[in-house]
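Encoded as structure tokens, the structure appears first; notes follow it.
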Amino acid sequence: IHSGVKGMKIGILKEGFGISDIEDAKRQDEKVKKASQVLEKLGATIDDISIPWHKHGEAIWGAVFFESFLDQMIQGGGHSTGHKDLFVPSLFNHYNNQIKQNAKDLSHTTKCCSIIAHYISKNYTGFYGKGHNLVRNLTQIYNQSLKEYDALLMPTLPFPAPRLPASDASLEEYIIAGLNMLQNTTAFNVTGHPAMNIPCGMIDGRPAGMMLVGKFWDERTLYKISYAYEKAVHWEN
């Protein structure tokens, strides 16, 4: 990871910026773009690129996530089927019993996701399958850009690390705080591309982060880029 970024090509993903209109989001976008300029000074080629399908990534993730979450985490006792792995029956039995006996203690976000998943499962046939088919398309589209670029770069969240909701926050505020920051990250949860966050500055005492996304099985390149950046700057300043 010590070989630096000279000669690398990094694509700044247009659709990963400008997601939120709040002032902190604009400041974070600026921090991430300044971080890309550091990489450029270190010898990387930095280009602005566009992948319009990235804007659909969160919705495609949702189509896959909600029903699989319900099947695995709520109804399935915390485990999935169809793969070769170590299964611990005592663990699954304990988890399943706790879900049945103490469901009232689940977080509001978990309850909300469960309700959405039940609704989708009851009212839409093949929703999960359609989502998976779209994941295949989305994966191929990212791969096309990654044939030309060593990594993609964008903000990790649409804004700096948010503050936790107050203890007396309303249910709406609690749910929004848990689900309003997924726009750039969830697509890669379903495509499987390696991605990592690198702190790139502070905004009012809260860290801003840029996200690097790489080719399958090429985490080493992401480590090289992040190491070069962290050696070149004191990101807190």
Side-chain angles (χ1 to χ4, degrees), residues 1 3-20 25 28-29 31-40 42-69 80 83 126-159 179-200 208-229:
I1 66 172
S3 57
V5 299
K6 188 174 182 178
M8 288 189 184
K9 294 183 66 177
I10 301 173
I12 299 181
L13 184 58
K14 172 186 174 183
E15 287 76 13
F17 292 79
I19 294 172
S20 174
Q28 164 143 301
D29 285 353
K31 293 278 188 184
V32 174
K33 289 180 179 179
K34 285 183 179 179
S36 73
Q37 293 169 6
V38 172
L39 296 172
E40 188 171 33
L42 293 173
T45 298
I46 306 295
D47 294 332
D48 293 321
I49 67 170
S50 176
I51 303 178
W53 264 61
H54 180 73
K55 289 187 174 182
H56 305 306
E58 185 183 14
I60 293 171
W61 164 83
V64 173
F65 166 76
F66 284 109
E67 286 190 89
S68 57
F69 163 79
S80 58
H83 60 89
F127 196 80
Y128 175 87
K130 291 177 181 177
H132 255 296
N133 290 342
L134 290 172
V135 169
R136 293 164 62 91
N137 294 343
L138 186 63
T139 302
Q140 291 174 0
I141 290 169
Y142 288 128
N143 285 344
Q144 283 298 117
S145 291
L146 288 166
K147 286 181 180 179
E148 183 176 355
Y149 293 94
D150 296 288
L152 308 179
L153 185 152
M154 68 200 82
T156 305
L157 304 183
F159 35 71
L179 300 175
N180 70 344
M181 62 188 80
L182 309 177
Q183 294 90 335
N184 278 346
T185 56
T186 46
F188 307 108
N189 289 346
V190 287
T191 66
H193 289 93
M196 66 183 300
N197 171 71
I198 300 96
C200 62
M210 68 172 170
M211 183 167 69
L212 296 172
V213 179
K215 300 177 176 70
F216 289 124
W217 316 115
D218 191 29
E219 287 86 349
R220 182 185 297 271
T221 293
L222 303 187
Y223 298 150
K224 287 180 180 179
I225 298 171
S226 59
Y227 183 78
Y229 175 77

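Values below: every heavy atom of this structure, side chains too, minus hydrogens, waters and symmetry copies.
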Parallel, tilted or perpendicular: rings of Phe65 and Trp61 (30°, 60°): parallel

From CG (Leu146) to OG1 (Thr221), nearest 0.5 Å: 10.5 Å

Distance, nearest 0.5 Å, that separates CE of Met181 from OG of Ser20: 11.5 Å

Spacing of NZ belonging to Lys6 relative to OG1 belonging to Thr45, to within rounding of 0.5 Å: 11.0 Å

Residue pair Gly18 / Asp29: nearest heavy atoms and the distance that separates them: N-OD2, 2.9 Å

Min side-chain heavy-atom separation Leu157-Pro155 under 4.5 Å: no

Atom of Val32, atom of Gly209 and distance for their closest heavy-atom approach: CG2-O, 3.7 Å

Under 3.5 Å: donor-acceptor pair, side chain of Lys31, backbone of Cys200: no

Tyr223 atom OH, neighbour heavy-atom count above 12 within 6.0 Å: no

ring-ring contact (aromatic ring centres under 6.0 Å, His included) partners of Phe159, counting only residues at least two apart: none

Heavy-atom pair with the smallest gap, counting every atom of Leu13 and Ser50: CD1-C, 4.3 Å

Closest approach of Ala187 to Leu138 (non-hydrogen atoms, all atoms of both residues): CB-CD2, 4.0 Å

Backbone of Tyr128 reached by a side-chain donor or acceptor of Glu67 within 3.5 Å: yes

From Met211 atom CE to Leu222 atom CG, the distance as rounded to the nearest 0.5 Å: 10.5 Å

CZ on Arg136 to CD1 on Ile60, rounded to 0.5 Å: 13.5 Å

Student check: side-chain heavy atoms of Glu15 and Trp53 closer than 4.5 Å: no

Beyond-backbone contact of Ile12 with Phe17, side-chain heavy atoms, under 4.5 angstrom: yes

From Thr191 atom OG1 to Asn143 atom CG, the distance as rounded to the nearest 0.5 Å: 8.0 Å

Lys34 versus Gln37, side-chain donor and acceptor atoms under 3.5 Å: no

More than 12 heavy atoms from other groups under 6.0 Å of NZ on Lys9: yes

Close side-chain approach of His54 to Asn184, heavy-atom, < 4.5 Å: yes

Note, Asn137 side chain near Leu134 side chain (heavy atom, < 4.5 Å): yes

Mutual orientation of the aromatic rings belonging to Phe188 and His193 [parallel < 30°, tilted 30-60°, perpendicular > 60°]: perpendicular

Steps toward side-chain contact (heavy atoms from CB on, under 4.5 Å) verdict (Thr186, Glu58): CA-CA 6 Å; Thr186 46; Glu58 185 183 14; 3.7 Å; yes

Side-chain donor/acceptor of Lys215 to backbone N/O of Tyr149, under 3.5 Å: yes

Any side-chain heavy-atom pair of Met154 and Val213 under 4.5 Å: yes

Contact check, side chains of Phe216 and Thr139, non-hydrogen atoms, under 4.5 Å: yes

pair Met210-Leu153: side-chain heavy atoms closer than 4.5 Å: yes

